[in-house]
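Below, chains carry the letters A, B, ... as their sequence lines are ordered, and counting in each starts from 1.
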Amino acid sequence: MAAKAPRAWILKSEPDTFGIDHLAALKDKTTLWDGVRNFTARNNLVAMEIGDRGFFYHSSCAVPAIVGEMKVVEKAIPDESAFDKKSPYFDAKSKREKPQWFSPRFKFVKKYPFELDRETLKAAGLGKSLLFTSFRLSVIPLTDAEVKIIEKLIAERLKN
DNA sequence: GCCAACGTTGGC
DNA sequence: GCCAACGTTGGC
């Protein structure tokens with residue numbers, strides 16, 4: 001059997017706080033995905049492997065949409081912000097000896113010259129995706145079929 | 001800004 | 001270990 005292909009995820013972030021432009025503007029264009037405080041999302045972050053694709057999704061904004069792509073460049077390490085009393089993400093229950101929260105590192109790949117909004121994603125067949133059925137989940141695994149749908153949308157948009 | 005959905009906490 | 005209360009997310 002061939003090596004397992006990298007998998008793909010959708011990662012939500014608020015563009016006002018940390019959007020894809022923030023990531024692209026960083027010198028090394030990489031970031032630790034920290035501050036996630038939800039167990040399901042955490043488990044997904046921990047499951048990520050180097051090379052996995054991350055679709056960058058802008059949430060809580062005028063047009064929630066997939067706006068670009070990242071890739072995992074480092075597996076999850078303990079989330080330092082949970083140890084920092086001054087951080088809004090501080091969590092007294094996460095100890096250095098026994099961390100609760102983890103962050104993989106992502107690198108910017110590209111920003112699309114278009115946005116794939118919810119209406120577009122749903123119309124293309126992603127209505128059954130966790131993006132819609134578990135709408136509060138901020139780190140969402142994608143099936144191969146779902147990735148194909150997104151890739152097709154991207155190819156179509158690039159042609160026009 | 002509203003509020004539904006739903007994950008998490010805490011009392012029992 | 002149940003479940004009500006609470007807090008947060010995130011679309012609209």
Side-chain angles (χ1 to χ4, degrees), chain A residues 7-26 30-48 52-72 75-106 108-143 145-154 156-157:
Chain A
R7 298 155 310 167
W9 314 82
I10 290 174
L11 293 110
K12 296 183 184 174
S13 188
E14 300 185 20
D16 291 346
T17 308
F18 187 82
I20 194 161
D21 291 332
H22 292 98
L23 176 60
L26 296 175
T30 75
T31 186
L32 283 168
W33 205 263
D34 62 5
V36 171
R37 297 291 178 268
N38 166 286
F39 292 113
T40 308
R42 187 277 310 271
N43 293 343
N44 289 336
L45 290 175
V46 169
M48 290 180 185
D52 281 8
R53 295 166 82 183
F55 291 97
F56 204 119
Y57 178 93
H58 282 169
S59 66
S60 291
C61 57
V63 184
I66 290 176
V67 296
E69 261 176 66
M70 308 179 283
K71 67 178 176 188
V72 176
K75 290 197 55 146
I77 58 170
D79 183 343
E80 284 291 323
S81 68
F83 309 133
D84 180 2
K85 281 203 173 79
K86 293 195 293 287
S87 167
Y89 303 122
F90 174 70
D91 181 356
K93 290 195 292 301
S94 187
K95 308 283 186 202
R96 255 176 216 289
E97 316 83 72
K98 200 170 182 255
Q100 287 245 18
W101 306 111
F102 296 85
S103 309
R105 187 177 290 280
F106 283 95
F108 174 83
V109 173
K110 62 183 143 187
K111 180 183 177 181
Y112 305 138
F114 49 79
E115 298 195 342
L116 301 175
D117 63 23
R118 293 177 68 80
E119 196 187 340
T120 301
L121 295 170
K122 197 166 191 176
L126 284 175
K128 290 209 192 77
S129 152
L130 288 169
L131 182 61
F132 291 91
T133 61
S134 182
F135 72 101
R136 286 178 44 183
L137 186 61
S138 63
V139 181
I140 299 167
L142 290 168
T143 65
E146 288 164 348
V147 171
K148 283 213 175 69
I149 289 171
I150 294 171
E151 282 174 343
K152 200 170 153 218
L153 281 172
I154 294 166
E156 282 168 7
R157 292 295 173 98

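- Within the structure, ring-ring contact (aromatic ring centres under 6.0 Å, His included) contacts touching residues 82-103 of chain A (residues at least two apart or in different chains) are A:Phe39-A:Trp101.
- Residue contacts shown for A:Thr133 are limited to sugar-phosphate atoms, with no base heavy atom under 4.0 Å away.
- Residues that satisfy the side chain to side chain donor-acceptor pair (under 3.5 Å) test with A:Ser81, not counting sequence neighbours, are A:Arg37, A:Asp79.
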Check residues 127-139 of chain A and write down every donor-acceptor pair under 3.5 Å in which the side-chain atom is one partner and the other belongs to a residue at least two apart or another chain.
unit_1   : atom_1 : unit_2   : atom_2 : d
A:Ser129 : OG     : A:Leu131 : N      : 2.9
A:Thr133 : OG1    : A:Ser129 : O      : 3.3

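- For A:Lys152, the side-chain contact (heavy atoms from CB on, under 4.5 Å) partners are A:Glu156, not counting sequence neighbours.
- With sequence neighbours left out, the side chain to side chain donor-acceptor pair (under 3.5 Å) criterion links A:Thr120 to A:Asp117, A:Arg157.
- Partners of A:Lys98 by side-chain contact (heavy atoms from CB on, under 4.5 Å), not counting sequence neighbours: none found.
- The ring pair (Phe, Tyr, Trp, His ring centres under 6.0 Å) test applied to A:Trp33 returns A:Phe56, A:Phe106, not counting sequence neighbours.
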When every nucleotide of nucleotides 6-12 of chain C is labelled 5' to 3' by its protein contacts under 4.0 Å (heavy atoms), B for base, S for sugar-phosphate only, - for none, what sequence of letters results?
-BBBBSS

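- Every residue meeting the side-chain contact (heavy atoms from CB on, under 4.5 Å) condition with A:Val147, not counting sequence neighbours, appears here in chain and number order: A:Ala8, A:Arg53, A:Leu142, A:Glu151.
- Across the helix from B:dG1-C:dC12 to B:dC12-C:dG1, the helix axis at one end is tilted relative to the axis at the other end by 10° (nearest 10 degrees, each axis from five pairs).
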Identify each atom pair where a protein N or O and an N or O of nucleotides 1-4 of chain C are less than 3.5 Å apart, giving names and distance.
none

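- Contact annotation: the side chain of A:Ile154 approaches that of A:Phe114 to within less than 4.5 Å [non-hydrogen atoms, C-beta and beyond].
- Partners of A:Lys85 by salt bridge (Lys or Arg N to Asp or Glu O under 4.0 Å), not counting sequence neighbours: none found.
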